[in-house]
Amino acid sequence: MKKVLLTGATGFIGSQVTKELLSRGYEVHALVYPILAPKQENFIQHEINLLDAQAVEKFMSVHNFENLIHLAWYVGPKCHVSDLNMDWVIATLNLLKSFKENGGKVFSGAGTCSEYEYKYGYLLEDETPTNPGTLYGNGKNAVFNIAKVYCKQNNISFKWPRIFNLYGPNEKLQRLMPSVINSCLKGEDVKVSDCLKFQDYLYVEDTARGIVDVFESNFEGAVNICSGQPVQLRTIVNKIAELTNFSGKILWGAIPAAFGDDVVVGNNAKLKSIGWTPKYSLEEGLKMTIEWWRTHNV
């Protein structure tokens, strides 16, 4: 049986990546802290704090893995400006070094559209400059630049799926879609920004399939994981209101916008070239997300 080491396995994206890997016949070893996920066949959890360099090095020296998918990073409050990004840069490089020293052969990180210089709008892996405007984006991009050279020097296959905006069940409540969905389901006024920006959104299950497809491919380097279709945030809010039969007020501009770029959309031609296609349209994904929240009242 194929074996893979996975970090971030209990997170919003990671739980879907775990599901996808298990469906493809992998034995998944997850580094978790603390152990959170329910037990599953071929899913083995190891309680390790990735910020503890000595614990990581000890674990890696005892367990030899040829495959590593590293998704863990700080995604809590103010993640784009948090000093914890520094800790995760160091932790990621330490993990990669230990992986290499103990027989690692394939490393897949978790990049982000935040690595790009947003002013270009339409973002392409090998052409758009990476000039991030945040500590989060710079942290991820620093790991990308170091890891691609380190992996090349040490004959490790290096994959870097760059993840764009996504949505789906179990997303953090303060994010746009869960916030709007829950307000609509409760019949409360919907408080949002002006929502005039255009973003690239992909259902989380499609995102997870893209990450695993890239991991299994012959690609090296960055690959955008995105829909390739810009959608205005106002369109998303109105669609949620329609699908929930919401008849209350939508208070446009009631809260400040979280970002200032008018259009952020990725080119996904490279991802599609390995056979990936999205299974779900935006409306289909929203319907499933709404139904999930109906049964998980907050």
Side-chain angles (χ1 to χ4, degrees), residues 8 11-13 70-93 96 108-149 158-167 171-172 174-179 192-202 204 207 210-211 221-237 252-268 270-271:
F12 177 46
I13 301 173
H70 176 49
L71 303 177
W73 198 276
Y74 176 70
V75 291
K78 298 183 178 180
C79 62
H80 285 274
V81 299
S82 173
D83 288 351
L84 288 171
N85 285 291
M86 299 285 285
D87 297 331
W88 280 98
V89 170
I90 295 166
T92 299
L93 297 177
L96 175 57
S108 180
T112 169
C113 62
S114 296
E115 294 174 69
Y116 289 114
E117 189 169 359
Y118 280 162
K119 72 178 185 181
Y120 293 92
Y122 189 63
L123 309 174
L124 187 60
E125 297 97 336
D126 302 316
E127 294 184 20
T128 305
T130 52
N131 184 21
T134 65
L135 188 57
Y136 171 75
N138 274 285
K140 289 282 191 175
N141 196 235
V143 170
F144 168 74
N145 284 314
I146 294 170
K148 69 178 178 180
V149 176
F158 172 67
K159 287 97 170 31
W160 193 256
R162 281 203 177 118
I163 301 165
F164 280 61
N165 292 299
L166 65 160
Y167 68 99
E171 188 178 4
K172 290 180 183 295
Q174 64 267 31
R175 302 284 292 173
L176 173 67
M177 295 191 197
S179 173
V192 289
S193 68
D194 57 17
C195 290
L196 298 176
K197 311 297 187 293
F198 287 80
Q199 296 283 295
D200 187 320
Y201 273 93
L202 189 63
V204 65
T207 299
I211 290 169
V223 181
N224 288 340
I225 310 294
C226 59
S227 72
Q229 299 294 325
V231 58
Q232 191 177 45
L233 300 185
R234 189 164 288 213
T235 299
I236 293 172
V237 174
W252 305 108
I255 60 175
F259 43 84
D261 302 282
D262 291 331
V263 180
V264 175
V265 60
N267 180 309
N268 65 5
K270 187 182 286 190
L271 180 60

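Please read these numbers as outputs of a predicted model, since none were measured by experiment.
- To the nearest 0.5 angstrom, Ile146 atom CD1 is 5.0 Å from Leu93 atom CG.
- Looking at heavy atoms from C-beta onward, Arg234 lies in side-chain contact with Leu196 at the 4.5 angstrom threshold.
- Across Trp88 and His70, no two heavy atoms sit closer than the pair CZ3-CE1, 4.5 Å.
- Here the straight-line distance linking atom CG of Leu166 with atom CE of Met177 works out to 9.0 Å at 0.5 Å rounding.
- Using a 4.5 Å heavy-atom cutoff, the side chains of Glu115 and Trp160 are in contact.
- With values rounded to the nearest 0.5 angstrom, Ile163 atom CD1 is found 4.0 Å from Ile13 atom CD1.
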Could you list the donor-acceptor pairs under 3.5 angstrom formed between side-chain atoms of residues 75-85 and any protein atom two or more places apart in sequence or on another chain?
residue, atom, partner, partner atom, Å
Ser82, OG, Leu84, N, 3.0
Asn85, OD1, Trp73, NE1, 2.8
Asn85, ND2, Cys79, O, 2.7
Asn85, ND2, Ser82, O, 2.8

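- Taking every heavy atom of both residues into account, Ala72 and Gly8 meet most closely at CB-N, 3.7 Å.
- With values rounded to the nearest 0.5 angstrom, Asn131 atom CG is found 8.0 Å from Lys119 atom NZ.
- Here OG1 of Thr112 is found 7.0 Å from NZ of Lys140. Values are rounded to the nearest 0.5 Å.
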Between Leu202 and Phe164, is a side chain to side chain contact (heavy atoms under 4.5 Å, CB included) present by the stated rule, with each step listed? CA-CA 8 Å; Leu202 189 63; Phe164 280 61; over 6 Å; no
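- Nearest heavy atoms, Cys226 versus Leu271: N-CD2, 4.4 Å.
- Between Asp194 and Trp252 there is no side-chain heavy-atom pair separated by less than 4.5 Å.
- Evaluation of the side chain to side chain donor-acceptor pair (under 3.5 Å) rule for Lys197 yields no partner, not counting sequence neighbours.
- Side-chain contact check for Thr207 versus Ile211: some heavy-atom pair is nearer than 4.5 Å.
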Starting from the C-alpha separation in whole Å, work towards a yes-or-no answer on side chain to side chain contact (heavy atoms under 4.5 Å, CB included) for Tyr122 and Tyr116. CA-CA 10 Å; Tyr122 189 63; Tyr116 289 114; over 6 Å; no
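- A donor-acceptor pair is defined here as one N or O able to donate and one able to accept, closer than 3.5 Å; no such pair exists between the side chain of Lys270 and the backbone of Asn224.
- Within the 4.5 Å cutoff, the side chain of Asp87 has no heavy atoms near those of the Tyr74 side chain.
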Carefully, step by step, assess Lys159 and Val223 under the rule side chain to side chain contact (heavy atoms under 4.5 Å, CB included). CA-CA 8 Å; Lys159 287 97 170 31; Val223 181; over 6 Å; no
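- Between Leu71 and Ala110 the shortest heavy-atom distance is CD2-CB, 3.8 Å.
- Pairing each heavy atom of Glu171 with each of Pro178, the nearest pair is OE1-CD, 3.5 Å.
- Within the 4.5 Å cutoff, the side chain of Asn141 has no heavy atoms near those of the Asn138 side chain.
- Side-chain N or O atoms of Asn268 include one that pairs as donor or acceptor with a backbone N or O of Ser227 at under 3.5 Å.
- With Phe12 as the aromatic partner, Arg175 does not meet the cation-pi criteria of under 6.0 angstrom to the ring centre and within 45 degrees of the ring axis.
- Using a 4.5 Å cut-off on side-chain heavy atoms (C-beta onward), Phe158 and Phe144 make contact.
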The test is side chain to side chain contact (heavy atoms under 4.5 Å, CB included); show your working for Arg162 and Thr130 and say whether it passes. CA-CA 12 Å; Arg162 281 203 177 118; Thr130 52; 3.7 Å; yes
